[in-house]
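These notes concern the structure reproduced below.
Because the structure is predicted, anything quoted here is derived from the model rather than measured.
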Amino acid sequence: MKHSTNQQTRRGRGPARRIGRTLALVLPVFLVLSGTLAVTRVNWTGSPSDSVLTASDISAARAKARAPQDVLRDKLLAELQEENPGIALTHLQEAVNDRPSLAKHCASIARALGRAAVRVYGPTRAQSYARPVCDTSFATGVAASHN
């Protein structure tokens, strides 16, 4: 009879023992990983004067990163002043064809180019560069700046 009692006791401890073993393996890994993620600055060189990239620096760098449509708009505005609005509109169309995700920003970029063209070339000459890139957004920007 003692033998059957021993088996019941062992069976009773079986699931608890498995859970305990699982926790003994998983808990240290979890603690190491969470501790590693919690550290935001570690100076590996030992010299306090060296700058080390922190987690807050990384998030600030991401915040400073400019959206692709803003980069494209600024590039095209510079191109408009250096070359002419026709070249800028051609490059806008090529950029939208290459990166379809920019299509939703095409009209606003074309309007900005139209406004800039009026400032640089005047309304009549700016209107002469109008073409159906992003519908008539360039012409809309010219007209809005002229009025």
Side-chain angles (χ1 to χ4, degrees), residues 8-147:
Q8 276 185 336
T9 307
R10 284 186 184 165
R11 284 186 201 152
R13 282 191 272 160
R17 187 172 277 185
R18 272 182 262 149
I19 291 171
R21 285 182 182 167
T22 302
L23 282 175
L25 292 173
V26 173
L27 192 59
V29 172
F30 174 76
L31 290 173
V32 167
L33 288 176
S34 64
T36 301
L37 294 174
V39 173
T40 59
R41 182 175 177 162
V42 176
N43 187 350
W44 294 101
T45 63
S47 173
S49 64
D50 290 342
S51 66
V52 177
L53 188 63
T54 65
S56 61
D57 293 336
I58 293 169
S59 62
R62 286 184 185 151
K64 288 180 185 178
R66 299 184 52 215
Q69 67 271 13
D70 295 336
V71 172
L72 176 63
R73 184 192 63 239
D74 292 347
K75 176 186 165 204
L76 294 175
L77 287 170
E79 218 170 52
L80 180 139
Q81 291 182 2
E82 293 170 9
E83 301 287 335
N84 66 56
I87 292 174
L89 286 171
T90 299
H91 289 156
L92 173 60
Q93 188 64 54
E94 290 171 354
V96 170
N97 290 343
D98 291 344
R99 292 182 66 184
S101 62
L102 292 171
K104 62 185 170 186
H105 304 287
C106 185
S108 66
I109 294 171
R111 278 192 301 274
L113 290 173
R115 289 189 298 268
V118 169
R119 286 192 302 272
V120 175
Y121 297 99
T124 305
R125 188 163 175 214
Q127 188 62 40
S128 71
Y129 289 103
R131 63 173 85 159
V133 175
C134 309
D135 296 325
T136 57
S137 298
F138 179 81
T140 303
V142 169
S145 290
H146 179 55
N147 294 334

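- Each disulfide (SG to SG under 2.5 Å) pair with one or both residues in residues 76-130, not counting sequence neighbours, appears once here: Cys106-Cys134.
- Screening Gln93, Glu94, Arg99 for a side chain to side chain donor-acceptor pair (under 3.5 Å) with Asn97, the sole residue that qualifies is Gln93.
- Listed by chain and number, the residues in a side chain to side chain donor-acceptor pair (under 3.5 Å) with Thr90 are Arg131 (sequence neighbours excluded).
- Looking at Val142 and Tyr129, their side chains never come closer than 4.5 Å, going by heavy atoms from C-beta outward.
- Taking Gln81 as the reference, nothing meets the side chain to side chain donor-acceptor pair (under 3.5 Å) condition, with sequence neighbours excluded.
- Checked against side chain to side chain donor-acceptor pair (under 3.5 Å), His91 has the following partners two or more places apart in sequence or in another chain: Glu79.
- For the residue pair Tyr121 and Ala126, the shortest heavy atom distance occurs at CB-N, 4.2 Å.
- When all heavy atoms are compared, the tightest approach of Leu80 to Leu113 is CD1-O, 3.4 Å.
- Remark: Asp98 engages no residue in a side chain to side chain donor-acceptor pair (under 3.5 Å) (not counting sequence neighbours).
- Taking all atoms of both residues into account, the shortest heavy-atom contact from Arg111 to Ser137 is CG-O, 3.2 Å.
- Under the salt bridge (Lys or Arg N to Asp or Glu O under 4.0 Å) criterion, Arg115 pairs with no residue, sequence neighbours left out.
- When the side-chain contact (heavy atoms from CB on, under 4.5 Å) test is applied to Gln69, the partners found at least two apart in sequence or on another chain are Ala67, Leu102, His105, Ile109.
- Contact detail for Phe138 and Ala130: the closest heavy-atom pair is CD2-CA, 3.6 Å.
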